[in-house]
Amino acid sequence: MSRGLGLVARRLQEVFAKNPSLSFSTSELCHLVYGRGLIEKKHRVAVLRALRTLVRRQEAVIWFLVLQHEKTDTEWFGDRCAGRPKAARRLR
């Protein structure tokens, strides 16, 4: 049985709580959570899983935008982000 949110999920929750009107790329979230210079695939996967956990437990409402045909990071938005594009979808 789970004992609550993990370290990565708690840090992500703090990031979105402190900056509700900002958007973040996946790489930026990894740097904010881990604070390292080199971000590996395992860090990106852990952040994405933690985002899904936050949404599944109804701890946060998170929106995302993936640019089609671009090799860029996914953009993540908090629920109160005023600059959220209309094409953004809600993470479920």
Same cluster or not: are Leu51 and Val66 linked, directly or through other Ile, Leu, Val, Met, Phe, Trp or Tyr residues, by side-chain heavy atoms under 4.5 angstrom apart?
yes
Can you tell me how far the CD atom of Glu40 sits from the OH atom of Tyr34, to the nearest 0.5 Å?
10.5 Å
In terms of heavy-atom contacts, Val47 and Cys30 come closest through CG2-SG, 3.8 Å
I'd like to know if Ile39 and Leu48 are part of one continuous hydrophobic network [Ile/Leu/Val/Met/Phe/Trp/Tyr, side-chain heavy atoms within less than 4.5 Å].
no
Enumerate the residue pairs fulfilling side chain to side chain donor-acceptor pair (under 3.5 Å) with a member in residues 10-20, sequence neighbours excluded, ordered by first and then second residue.
Gln13-Glu59
Under the side-chain hydrogen bond (donor to acceptor under 3.5 Å, both in side chains) test, which residues partner Thr26, sequence neighbours left out?
Trp76
What distance do Phe16 atom CZ and Ser23 atom OG have between them, rounded to the nearest 0.5 Å?
9.0 Å
Identified side-chain contact (heavy atoms from CB on, under 4.5 Å) counterpart of Leu12 within the set Leu7, Ile62, Val33:
Val33
Testing the basics here: between Val8 and Ala50, what is the closest heavy-atom pair and its distance to 0.1 Å?
CG1-CB, 3.6 Å
